[in-house]
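Let me begin by presenting the structure, written as structure tokens, before commenting on it.
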Amino acid sequence: MTVGVVAPLSGNLSALGLGIKQSAELAVDEANKKCTVKGYKLNVSAQDDEANPAKGAQAATKLSTDPNVVGVVGTLNSSVAQTVQPILKEKKIPQVSPANTNPTLTRGNDFLTAPKRQFDNYFRVCTTDDLQGPYAGNYLVEKAGKKKIAIITDGKTYGEGLAAELSKQVAKKGGTIVGSEKVGEKDTDFSGVISKIKALAPEAVYYGGEYPVAGPLSKQMASAGLNVPLMGGDGIFDGKYIELGGKEGDLATSVGAPTESLATAKAFVDAYKAKFGKEDYAAYGAFSYDAANAIIGALAKTVDGAAWDESKRDSMLTNVGSYSGSGATGEVKFDQYGDSTNKVLTVYQVTSGKWKDVQTGEFTG
């Protein structure tokens, strides 16, 4: 019996991918020790998607051809999820993402006005950008007092969606988006974009994308005399962002409450450290652990002492959907769209060279 993982295990985002993989492995190890799925030993098959939709499709195809794969933890990137979802759906394999935040993956393009479940095999344990973007917008305008905001995005599904939701909320709160620019995820010189943005005199820059670009962008902003905070979403919330040039005062939102502050996460943190030697579970480790446990818990209910075979896949999907448990991130449960019922978000700020949480709560409007 195999739990698949699809995540970037090489390349720029591998720090996040490794945390996802190892946290799933921890959940599987614990389940084997407790004999959670009676009569079966579980293993993990981790596939590297390189944060690339085409590679993700290959990884999903490989896992879907194995009759012993009972569920998949992943993906990290929303753009990769778009290619993985239909492949796993064809074989009725549940996919539980620890990190996808784009709302269209569960509720379709009209997610605000006419939400419609897209894939009955797809679930996630983190909240979504239609809450994360506005939560960041509220913080920038109301708490940080930044009324003039420039936006830079990398053009990918995740960053574009997040920035669009932030823009709406900034306007709603009386702020102004003074300009919007795009960069490529492989770009290294941002001088042209920075000079355009600097001319607009923003009080903050919001970046829709991930830390490999965001860190150097922040550093180059400071070098060019654009001394304003850069803010991003959970895609920049990693120590690597600061290593790559993220500066004091920069901001990020991430899903959930800070792992270290949660009583529910203490056992996970201690067990992870004992198994892997250090706390490198990164932003989504606790979520990956919970995603894997949702698959394992549903599998135990589906098998219930009997033999696993492909005829049980419909029951498995039903049991993932109805799963409820106390996880490292808090209560783990899914709504009718496969979205997490946990809507908590946190704002972090770079303080003395480290991310420090400055606000945790739910988006209230």
Side-chain angles (χ1 to χ4, degrees), residues 3-7 20 24 27 49 53 56 60 63-64 69-133 157-158 161-162 165 234 255-256 284 286-299 301-302 312-345 362-363:
V3 176
V5 172
V6 178
I20 289 170
D49 65 27
L63 290 171
S64 70
V69 170
V70 293
V72 172
V73 175
T75 54
L76 169 68
N77 305 81
S78 293
S79 54
V80 178
Q82 288 172 324
T83 64
V84 168
Q85 283 176 313
I87 294 167
L88 296 181
K89 178 185 166 56
E90 204 174 303
K91 294 292 181 76
K92 299 182 178 177
I93 297 171
Q95 175 185 354
V96 186
S97 174
N100 296 156
T101 52
N102 189 282
T104 64
L105 295 171
T106 42
R107 290 172 277 145
N109 289 328
D110 299 322
F111 58 88
L112 287 175
T113 52
K116 187 174 177 228
R117 183 93 191 251
Q118 299 299 292
F119 295 92
D120 63 1
N121 67 314
Y122 179 85
F123 306 85
R124 57 177 140 207
V125 291
C126 56
T127 195
T128 49
D129 292 336
D130 51 323
L131 300 177
Q132 184 177 195
T157 305
Y158 162 72
L162 194 52
E165 296 306 318
D234 52 321
V255 293
Y284 308 106
F287 289 93
S288 178
Y289 178 78
D290 288 350
N293 277 322
I295 291 168
I296 293 163
L299 179 64
K301 189 175 175 184
T302 304
K312 292 189 167 57
R313 291 209 179 274
D314 283 317
S315 299
M316 181 67 184
L317 287 181
T318 301
N319 290 333
V320 173
S322 62
Y323 176 84
S324 178
S326 176
T329 59
E331 187 191 33
V332 180
K333 207 172 171 185
F334 306 107
D335 67 13
Q336 70 266 39
Y337 304 106
D339 279 330
S340 172
T341 58
N342 178 357
K343 309 295 187 191
V344 173
L345 290 151
E362 293 192 12
F363 173 66

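One-based numbering along the sequence shown.
- A ring pair (Phe, Tyr, Trp, His ring centres under 6.0 Å) check over residues 97-123, counting only residues at least two apart or in different chains, returns the pairs F123-F334.
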Practice problem: Check step by step if side chain to side chain contact (heavy atoms under 4.5 Å, CB included) holds for I93 and L63. | Solution: CA-CA 9 Å; I93 297 171; L63 290 171; 5.8 Å; no

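- Side-chain contact between Y158 and N77 is absent, with no heavy atoms from C-beta onward closer than 4.5 Å.
- Considering only residues two or more places apart in sequence or on other chains, N109 meets the side chain to side chain contact (heavy atoms under 4.5 Å, CB included) condition with T104.
- Residue K92 qualifies as open at atom NZ: its count of foreign heavy atoms under 6.0 Å is 12 or below.
- Of the possible donor and acceptor atoms, none in the side chain of D130 sits under 3.5 Å from a partner among the backbone N and O of E165.
- Of the inter-residue distances, the one linking L76 atom CG with S288 atom OG reads 10.5 Å to the nearest 0.5 angstrom.
- The side chain to side chain contact (heavy atoms under 4.5 Å, CB included) with N100 is formed by just one residue from the set V84, T157, V80, L105; it is L105.
- Shown here for A24 and V73, the closest heavy-atom pair between the two residues is CB-CG2, 4.5 Å.
- Proximity of N342 to V125: side-chain heavy atoms (C-beta onward) are nowhere separated by under 4.5 Å.
- Every residue two or more places apart in sequence or in another chain was checked for a side chain to side chain donor-acceptor pair (under 3.5 Å) with K116, and none qualifies.
- A heavy-atom distance below 4.5 Å is not found between the side chains of L162 and T101.
- Sorted by first and then second residue, the side-chain hydrogen bond (donor to acceptor under 3.5 Å, both in side chains) pairs involving residues 326-338 (not counting sequence neighbours) are D290-T329.
- Contact record, T83 with P53: OG1-O, 2.8 Å, taken as the closest heavy-atom pair.
- Minimum interatomic distance between T302 and K312 (heavy atoms only, all atoms of both residues): CG2-O, 3.7 Å.
- A donor-acceptor pair under 3.5 Å links the side-chain atoms of S78 to the main chain of N102, judged by distance alone.
- Closest non-hydrogen pair, A328 versus A286, comes out as CB-CB, 4.0 Å.
- Scanning all heavy atoms of the two residues, the minimum distance from V255 to L345 falls at CA-CD2, 4.1 Å.
- Residues satisfying the side chain to side chain donor-acceptor pair (under 3.5 Å) test with T127, not counting sequence neighbours, are none.
- The line from OG1 of T106 to CZ of R117 is 8.0 Å long, rounded to the nearest 0.5 Å.
- The shortest non-hydrogen separation linking I296 to A27 is CD1-O, 3.8 Å.
- When side chains are defined from C-beta on, S64 does not count as touching V69, because their heavy atoms never get closer than 4.5 Å.
- Under the 3.5 Å distance criterion, the side-chain polar atoms of N121 are left unmatched by any main-chain donor or acceptor of Q95.
- Applying the side chain to side chain contact (heavy atoms under 4.5 Å, CB included) rule to S322 yields the partners K301, N319; only residues at least two apart in sequence or on another chain are considered.
- The structure places CD1 of I295 at 6.5 Å from CE of M316, a figure rounded to the nearest 0.5 Å.
- Judged purely by atom type and a 3.5 angstrom limit, T318 uses its side chain to pair as donor or acceptor with the backbone of D314.
- Using a 4.5 Å heavy-atom cutoff, the side chains of N293 and V332 are not in contact.
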